[in-house]
Amino acid sequence: MAAPARTVKDVSPHEFVKAYAAHLKRSGKVELPHWTDIVKTATFKELAPYDPDWYYIRAASMARKIYLRGGLGVGAFRRIYGGSKRNGSRPPHFCKSSGSIARHILQQLQNMNIIDIDPRGGRKITSNGQRDLDQVAGRIVVAHIRGRPGKVRAVLIEDDVGTDCGAEARGPRRRVPRRQSTSPPASRATLASPFPTLCTSLPLRIAGDFFLIFPGTILLLRLLPSAEFGDRKFFSGSLSARLATRARSSAPSRHLSPDVR
């Protein structure tokens, strides 16, 4: 059973606009004006578009909108691509986009026989334009069926030159084994503690010393170096006294002579 035909309504607008813009650029039928790199798309804009292919993207978007809803003209596209104008400390207001850019793109699409003037007003899609847009949409669906949605542009290029981009051309897909980690896994230390809730702790090494973070508490104990930690030796006496003794032994004495220092 053959798969049903796909149209522009069956694909994502974002993917279709990118694919059809690449198709228009590759066809070479669209003549770019000399002001594409310096013109603003609206009066409320501050700079020209950063994308050098913005003209093809706008043309693809306008062709798709005429395909979905005919009767759109320059005034309608000025409202569609309009936006909020910043007025400084005053409230922002809606502002229309450029009309000359929309008129120039409509003329380009009409010369390519993609759209035509509607007697009732605006523009309408032609049979050639509808077939062209549906073919691009069908290639996007094929790219998704093949499991490579990121290869839409490659499918468009190879389909245009008449080659197949199927499994025979790609070859069997190889599964890359996951890289094994060389570091030893982190282990938990089980300590003999008189408190049953504090028996399991997670050792954390910071600057050569081991710390124990007990779950469910905010208690942080500083242990001896790694050799004594491996033998599970613990503090004798009170914790505060042991920590004070260790701090005094590690810090330089203030009562030493200058020669010893």
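Counting begins at 1 with the first residue of the sequence. Every value quoted in this text rests on a predicted model; they were computed, and no experiment measured them.
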Do any side-chain atoms of residues 79-89 form donor-acceptor pairs under 3.5 angstrom with protein atoms, and if so which ones, sequence neighbours left out?
residue, atom, partner, partner atom, Å
Tyr81, OH, Ser61, OG, 2.8
Asn87, ND2, Pro91, O, 3.0

- [ ] Group every Ile, Leu, Val, Met, Phe, Trp and Tyr by side-chain heavy-atom contacts under 4.5 Å, then state whether Val11 and Ile66 land in the same group.
- [x] yes

- [ ] State the CZ-CZ distance between Phe44 and Phe94, to the nearest 0.5 angstrom.
- [x] 7.5 Å

- [ ] Taking all non-hydrogen atoms of both residues into account, name the closest pair between Gln130 and Ile125 and its distance.
- [x] N-CG1, 3.7 Å

- [ ] Indicate yes or no for a side-chain donor-acceptor contact from Asn111 to the backbone of Gln107 under 3.5 Å, with no hydrogens or angles considered.
- [x] yes

TODO: Using modelled atom types only, decide if a donor and an acceptor are shared between the side chain of Gln108 and the backbone of Glu31 within a distance under 3.5 Å.
DONE: yes

Open item on the list: Please give me the minimum heavy-atom distance between Trp54 and Thr36, naming the atom from each residue.
Closed with: NE1-O, 2.9 Å

Task: Nearest heavy-atom neighbours spanning Ala63 and Leu133 - done: O-CD2, 3.8 Å

Open item on the list: Any heavy-atom pair between the side chains of Pro52 and Asp37 that's under 4.5 Å?
Closed with: no

- [ ] Search all heavy atoms of Ala60 against all heavy atoms of Leu24 and return the closest pair with its distance.
- [x] N-CD1, 4.1 Å

Open item on the list: For residues Val17 and Phe77: do they belong to one hydrophobic cluster (side chain heavy atoms under 4.5 Å, members Ile, Leu, Val, Met, Phe, Trp, Tyr)?
Closed with: no

TODO: Mark yes or no for whether Arg78, through its side chain, and Ser97, through its backbone, hold a donor-acceptor pair below 3.5 Å.
DONE: yes

- [ ] Find the distance between OH (Tyr55) and CD1 (Ile105) and round it off to the nearest 0.5 Å.
- [x] 5.0 Å

- [ ] May I ask you to check whether His23 and Gln135 show a side-chain donor-acceptor distance below 3.5 Å?
- [x] no

- [ ] State plainly whether one hydrophobic cluster holds both Met62 and Ile117, where clusters connect Ile, Leu, Val, Met, Phe, Trp and Tyr through side-chain heavy atoms under 4.5 angstrom apart.
- [x] no

Open item on the list: Can you tell me how far apart CZ (Arg26) and OH (Tyr56) are? Round to the nearest 0.5 Å.
Closed with: 11.5 Å

TODO: Begin with the C-alpha distance, continue with both residues' side-chain angles, and end with the deciding distance and a verdict on side-chain contact (heavy atoms from CB on, under 4.5 Å) for Val30 and Lys25.
DONE: CA-CA 7 Å; Val30 179; Lys25 182 178 180 179; over 6 Å; no

Open item on the list: The test is side-chain contact (heavy atoms from CB on, under 4.5 Å); show your working for Lys18 and Ile57 and say whether it passes.
Closed with: CA-CA 7 Å; Lys18 291 196 304 181; Ile57 296 176; over 6 Å; no

Open item on the list: Walk me through whether Trp35 and His104 qualify under side-chain contact (heavy atoms from CB on, under 4.5 Å).
Closed with: CA-CA 12 Å; Trp35 38 260; His104 193 275; 4.3 Å; yes

Task: Closest contact, heavy atoms only, Pro119 versus Lys124 - done: CD-NZ, 4.3 Å

Task: Leu106: which of Ile114, Ile101, Ile115 passes side-chain contact (heavy atoms from CB on, under 4.5 Å) - done: Ile115

Task: Partners meeting salt bridge (charged side-chain N to carboxylate O under 4.0 Å, His left out) with Arg120 (sequence neighbours left out) - done: Asp118

Open item on the list: Is there a salt bridge (charged side-chain N to carboxylate O under 4.0 Å, His left out) between Asp116 and Arg123? Walk through the geometry before answering.
Closed with: CA-CA 6 Å; Asp116 198 1; Arg123 305 302 196 279; over 6 Å; no

TODO: Might you point out which heavy atoms bring Ser98 and Lys40 nearest each other, and give the distance in Å?
DONE: CB-O, 4.5 Å

Open item on the list: Side-chain heavy atoms under 4.5 Å apart, restricted to Ile/Leu/Val/Met/Phe/Trp/Tyr: what other residues fall into the cluster of Leu47, or is it alone?
Closed with: Tyr50

- [ ] State, with a plain yes or no, whether a side-chain heavy atom of Tyr67 is found less than 4.5 Å away from one of Thr7.
- [x] yes

